[in-house]
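Report on the following structure.
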Amino acid sequence: MEGLRRAIGEILLDHWDPIGVAGEAAARDEYESYVPVIAGLVAAGASADVLAGRLFHVQQVDMGLWGDATRARVIGELLFGLGVR
């Protein structure tokens, strides 16, 4: 599970990064609070749509941003690809 969490953290920072902190060395842990929930969803076999919906919710509700549904969908697909089938 630790490998899954690490991979999710990297995807969130390197590909999703809705607040633009990927280039900041001190920001490596910026999205860590979202990893456990996403990891649980991936491990439970959640669909790419469910994962994208969670990311979009985080952008809008937790971060107070407009959110980017298209980007959330792309990242949802990446996260879905980590799942065990």
Check: Going through the distances and angles, do Y31 and D17 end up as a side chain to side chain contact (heavy atoms under 4.5 Å, CB included)?
Finding: CA-CA 8 Å; Y31 304 122; D17 191 23; 2.6 Å; yes

Next item on the list: Determine, stepwise, if the pair W16 / I38 fulfils side chain to side chain contact (heavy atoms under 4.5 Å, CB included).
Entry: CA-CA 13 Å; W16 181 52; I38 298 295; over 6 Å; no

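At a threshold of 4.5 Å between non-hydrogen side-chain atoms, the residues L12 and L55 count as touching. F80 is not listed as a side-chain neighbour of D49, based on a closest heavy-atom distance of 4.5 Å or more. Using a 4.5 Å cut-off on side-chain heavy atoms (C-beta onward), L41 and L79 make no contact. Looking at heavy atoms from C-beta onward, R71 lies in side-chain contact with H15 at the 4.5 angstrom threshold.
Cluster annotation: M1 and L51 are assigned to the same hydrophobic cluster (Ile/Leu/Val/Met/Phe/Trp/Tyr, side-chain heavy-atom contacts under 4.5 Å, transitive). Taken together through direct or relayed side-chain contacts under 4.5 Å among Ile, Leu, Val, Met, Phe, Trp and Tyr, I19 and F56 form parts of separate hydrophobic clusters. A chain of hydrophobic side-chain contacts below 4.5 Å, direct or via other Ile, Leu, Val, Met, Phe, Trp or Tyr residues, connects L4 to V35.
Between E77 and R73 there is a salt bridge, since a side-chain N of the basic residue sits under 4.0 Å from a carboxylate O of the acidic one.
Evaluation of the ring-ring contact (aromatic ring centres under 6.0 Å, His included) rule for Y34 yields no partner, not counting sequence neighbours.
Taking each heavy atom of A72 and A52 in turn, the nearest pair found is O-CB, 3.3 Å. When all heavy atoms of P18 and M63 are compared, the pair lying nearest together is CG-SD, 3.6 Å.
Looking at Q60, its side chain never comes within 3.5 Å of a backbone N or O of L65 through a donor-acceptor pair.
Of the inter-residue distances, the one linking L82 atom CG with R6 atom CZ reads 12.5 Å to the nearest 0.5 angstrom.
By the 6.0 Å contact criterion, CD on E2 is enclosed, its count of non-hydrogen atoms from other residues, nucleotides or ligands being greater than 12.
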